[in-house]
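One structure is given below, encoded as structure tokens.
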Amino acid sequence: MKKAFIFIGVIIILTSCSIIRFGRQTEPPKLKKEISYIVNHGDTLFDEYAWVKDKLRQNSVVKKHLQQENSYTEYMLKDTEKLQKTLFKEYLSRIPKNDTSLPTLVDSFFYYWKIDKKSQYDTYYRRLNRNGAEEELILDENKLAKGSEFFTLGFLSKSPDHNLLAMGIDRYGYERYQLYIKDLSKDEFLDIGEIYADDVSWFTDNKTFYYTLVDSTGRTFRTFRHTLGQELKEDQVVFEENDKAFYVWTHRSSDDKYMLISSGSKTTTETWYLPADKPFSEPKLLQSRIQDMEYYVDHRNGKFIITTNADGAFDYKIVTVDVDNPKKENWKDLIPHRPGIVTGCDVFRDNLIVTETEDGLTKLRIIKWEDMSEYYVEVSQDVYNLSYGGSANYVTDSIRYGYSSYNILPKTYSLNLKTGEKTLLKERKLNVPYNGDDYATKKVLVTADDGEKVPMFMVYRRDKIDFKSPVPVYLDVYGAYGDNNTPYFSSALISLLDRGVLFATASIRGGGDKGKQWHIDGRMLKKKNTFTDFINCAEYLIEEGYTTKDMLVATGGSAGGLTVGAALNMKSDIFGAVILDVPFVDLMNTMFDPELSATVSEYEEWGNPNIDEYYQYMKSYCPYTNIKKKIYPDMLVLCGYHDTRVNYWEPMKYVARLRDNKIDNNVILLHTDFTSGHSGASGKYDYLKRIALVHAYVLTKTLN
């Protein structure tokens with residue numbers, strides 16, 4: 001391995017001034033160039049826009065340029081302003097004036113949230129499980145958010161006795177959460193000092209908790225123990241992870257018997273444990289880390305229940321082991337590994353709930369501990385989304401799960417674990433008439449270059465599309481980290497479908513839709529499968545007559561932006577337009593900076609560029625590095641100024657270099673949200689305005 005050397009060049013390339021008329025930016029603003037370069041493995045990586053990188057976000061020249069980009073985008077999309085307002089009104093018209101979540105019984109309290117049409121955020125309530133009990137307001141996000149342009153709750157964690165509520169609040173979009181604790185019995189916040197934490201886990205004494213801090217890159221790395229009433233300087237470090245590829249998190253086992261401290265990279269995990277009623281005891285190591293082995297721990301009746309990929313179980317299996325001797329050599333298979341079916345579990349006193357994902361679709365398997373008899377929850381469609389998020393009660397006779405699809409309003413069911421009988425508890429309502437039968441769903445398998453079958457899901461309005469002629473298509477893609485890209489219901493999407501747009505989702509390699517091998521075959525030195533799969537899906541839509549290249553709009557966000565960006569460099573002539581949302585497009589420069597969020601941990605996703613083999617491979621597809629003198633389609637690129645995952649300078653540099661190199665008259669736009677981070681605007685109405693901008697762009701590019 002050769003050490004990388006970074007040189008900042010002295011060449012400054014001057015550019016002409018931007019044109020501003022009547023307060024509007026009517027031409028794309030020019031970004032000056034200052035050549036810098038990285039020399040590694042005998043190769044030189046040039047970057048003429050590296051100077052815009054400002055981790056502290058204090059460069060006024062950069063901010064002014066981004067503001068000019070916004071002005072130019074607004075000027076170029078002026079003709080869509082009326083459509084944006086129309087779409088926004090449509091979205092609002094579908095949202096019920098008021099909504100309340102299903103009350104969830106936790107011990108002796110029902111917990112639930114409410115939101116009204118005028119509010120950007122939720123309010124949280126509870127009431128005792130007894131007749132005539134009064135409703136108690138425990139948290140109002142709207143009051144907490146007052147005066148903040150951005151607001152989000154990173155976590156909520158109640159003490160076991162229900163008297164204390166810990167929460168993490170981010171007011172800037174940095175994903176740095178200040179810890180607050182509210183005493184619900186007195187309806188007041190405690191003075192605990194200034195703590196920024198990523199999670200809180202309470203011990204059963206109701207006054208001691210673990211909290212996990214992040215380092216300068218945003219990595220959770222150090223767990224502290226705090227007892228209410230003591231000064232912060234007295235807090236003890238109970239665990240510290242020095243490997244920068246690993247993140248730390250804490251939680252109690254489902255039966256509240258053990259506190260668990262876990263540390264994990266993209267491929268490897270390790271867990272420590274201690275009794276949840278003995279906060280000052282020393283954590284014990286369950287099983288030391290083994291490279292590429294993951295294991296996730298729960299507890300029941302003196303045994304740890306472990307989900308693991310050990311011994312070649314790529315898609316995970318479930319094992320058990322006695323608490324007294326939990327090392328790997330004593331693990332016994334409970335649910336064996338089945339290739340292609342990703343397995344996870346949730347532990348209850350009387351039942352084991354097993355989730356299985358195959359071809360991107362989830363199944364729910366119920367196993368009774370008493371006799372290991374089992375059954376599956378029935379589903380009625382080929383394209384659906386079954387969501388299960390666990391239960392707050394270890395001892396329970398029922399669980400809840402969600403069911404929806406592109407055309408099915410989300411429903412919440414209660415499942416009787418003894419009888420298997422399901423009961424509909426709630427169906428999401430729209431504030432306007434809606435008939436799901438007006439829309440059709442479809443699943444196809446696209447043949448990839450190497451013969452693999454890539455799932456792609458579609459939805460469209462029946463009376464708008466008869467497939468006798470090409471139609472507008474909005475194609476969404478991700479393809480990273482083993483994450484699934486499954487069908488989902490969106491009330492905003494209705495506005496596109498009702499105007500004759502077909503929406504499609506490609507479940508390409510790099511995701512986990514067909515098991516862990518699907519992820520493995522789209523990462524590291526096989527990453528290019530992700531991009532060719534995506535291109536194959538786009539070409540399929542054109543070749544099968546669904547659409548034409550001029551009517552095909554592709555979109556990818558975050559790592560999905562890398563997918564689309566790499567595909568554009570390989571084959572840009574099959575897209576009419578592209579939308580990139582907080583796109584990870586500057587792979588090489590980001591992966592050479594270990595002080596940025598997640599860089600070191602993502603060596604196991606993309607590769608380590610300090611190693612020659614990975615450097616050459618990554619460089620060969622990096623979207624920013626491989627921009628060519630060629631035709632690129634119209635593009636809308638969105639970013640968040642406070643985003644610490646994909647920092648603003650990535651899309652900023654990408655847009656500037658694209659404009660330098662493209663040999664066409666197509667328009668590339670950049671829009672920055674100065675109040676948000678990676679996930680966009682925090683308030684539900686502000687977020688809908690962003691969707692209206694995107695949908696208006698799609699409609700303009702496909703229907704005109």
Side-chain angles (χ1 to χ4, degrees), residues 100-101 103-104 106-116 118-128 133-214 220 222-238 249-252 259 276 279 392 642 675 677 682-684:
T100 303
S101 70
T104 298
V106 185
D107 301 327
S108 57
F109 284 96
F110 282 104
Y111 287 87
Y112 51 100
W113 54 258
K114 295 181 181 181
I115 193 166
D116 61 63
K118 295 181 180 179
S119 298
Q120 290 265 26
Y121 303 99
D122 297 335
T123 50
Y124 297 85
Y125 297 83
R126 71 178 182 183
R127 58 179 170 81
L128 282 168
E134 293 186 1
E135 180 178 82
E136 177 187 0
L137 172 63
I138 59 174
L139 195 67
D140 186 344
E141 286 187 346
N142 297 283
K143 288 184 177 180
L144 292 174
K146 191 173 182 179
S148 300
E149 292 183 308
F150 181 93
F151 174 87
T152 188
L153 282 176
F155 60 85
L156 287 172
S157 176
K158 66 168 186 60
S159 60
D161 65 2
H162 298 261
N163 285 332
L164 301 168
L165 184 65
M167 66 199 76
I169 295 177
D170 177 11
R171 300 185 186 278
Y172 302 99
Y174 288 134
E175 296 183 87
R176 301 292 190 271
Y177 302 103
Q178 185 169 0
L179 176 61
Y180 294 86
I181 295 179
K182 186 175 183 181
D183 186 334
L184 299 180
S185 66
K186 299 178 181 178
D187 193 27
E188 64 183 27
F189 284 89
L190 305 180
D191 182 8
I192 60 169
E194 188 171 352
I195 302 175
Y196 285 83
D198 200 70
D199 66 9
V200 162
S201 297
W202 294 91
F203 285 89
T204 56
D205 67 355
N206 298 298
K207 62 180 181 179
T208 305
F209 58 84
Y210 279 167
Y211 63 91
T212 305
L213 296 187
V214 298
T220 52
R222 185 180 291 157
T223 297
F224 284 84
R225 182 183 61 238
H226 178 82
T227 300
L228 295 177
Q230 75 180 28
E231 296 184 17
L232 291 181
K233 64 182 180 181
E234 299 176 20
D235 290 357
Q236 297 293 312
V237 177
V238 293
W249 68 96
T250 65
H251 67 284
R252 288 198 314 273
M259 180 69 74
H642 299 294
T675 67
S682 56
K684 68 173 183 178

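This chain uses plain numbering: 1 for the first residue, then up along the sequence. These figures come from a predicted structure and were not determined experimentally.
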Any donor-acceptor pair under 3.5 Å linking the side chain of [X] with the backbone of [Y]?
X: Thr212; Y: Asp198; result: no
X: Thr123; Y: Lys114; result: yes
X: Glu175; Y: Gly173; result: no

### Query
For the residue pair Phe203 and Tyr210, is the inter-centroid distance of their aromatic rings smaller than 6.0 Å?
yes
Considering only heavy atoms from C-beta outward, does the side chain of [X] approach that of [Y] to under 4.5 Å?
X: Leu190; Y: Leu164; result: yes
X: Val200; Y: Ile181; result: no
X: Arg252; Y: Trp202; result: yes
X: Phe155; Y: Leu179; result: yes
X: Tyr124; Y: Glu141; result: yes
X: Asp205; Y: Thr227; result: no
X: Val214; Y: Tyr196; result: no
X: Leu153; Y: Asp122; result: no

### Query
What do the steps show when you test Phe209 against Leu228 for side-chain contact (heavy atoms from CB on, under 4.5 Å), and what is the final call?
CA-CA 9 Å; Phe209 58 84; Leu228 295 177; 4.0 Å; yes
### Query
Between Leu213 and Phe224, is a side-chain contact (heavy atoms from CB on, under 4.5 Å) present by the stated rule, with each step listed?
CA-CA 8 Å; Leu213 296 187; Phe224 284 84; 3.2 Å; yes
Roughly how far apart are [X] [atom1] and [Y] [atom2], rounded to 0.5 Å?
X: Lys146; Y: Tyr121; atom1: NZ; atom2: OH; answer: 14.0 Å
X: Leu232; Y: Ile195; atom1: CG; atom2: CD1; answer: 4.5 Å
X: Phe109; Y: Leu128; atom1: CZ; atom2: CG; answer: 4.0 Å
X: Asn142; Y: Asp116; atom1: CG; atom2: CG; answer: 7.5 Å
X: Arg126; Y: Glu135; atom1: CZ; atom2: CD; answer: 12.0 Å
X: Tyr211; Y: Ile192; atom1: OH; atom2: CD1; answer: 8.5 Å

Could you report the tightest heavy-atom contact between [X] and [Y], atom names first, then the distance?
X: Gln230; Y: Arg225; result: NE2-O, 3.8 Å
X: Pro103; Y: Phe110; result: CB-CD2, 3.7 Å
X: Tyr125; Y: Ile138; result: N-CG1, 4.0 Å

### Query
Parallel under 30°, tilted from 30 to 60°, perpendicular over 60°: which one fits the rings of Tyr111 and His162?
parallel
### Query
Under 30°, 30 to 60°, or over 60°: which ring-plane class applies to Tyr180 and Phe189, parallel, tilted or perpendicular?
perpendicular
#### Entry: From CA spacing to verdict: side-chain contact (heavy atoms from CB on, under 4.5 Å), Gln120, Ile115
CA-CA 8 Å; Gln120 290 265 26; Ile115 193 166; over 6 Å; no
### Query
When you look at Lys158 and Leu184, which way does the side-chain contact (heavy atoms from CB on, under 4.5 Å) test go after all the steps?
CA-CA 10 Å; Lys158 66 168 186 60; Leu184 299 180; 5.9 Å; no
### Task
Among residues two or more places apart or on two chains, list those pairs meeting side chain to side chain donor-acceptor pair (under 3.5 Å) that have a residue in residues 163-173.
Ser148-Arg171, Asp161-Asn163
### Message
Please check if the number of heavy atoms outside Lys182 that lie under 6.0 Å from its NZ is greater than 12.
### Response
yes
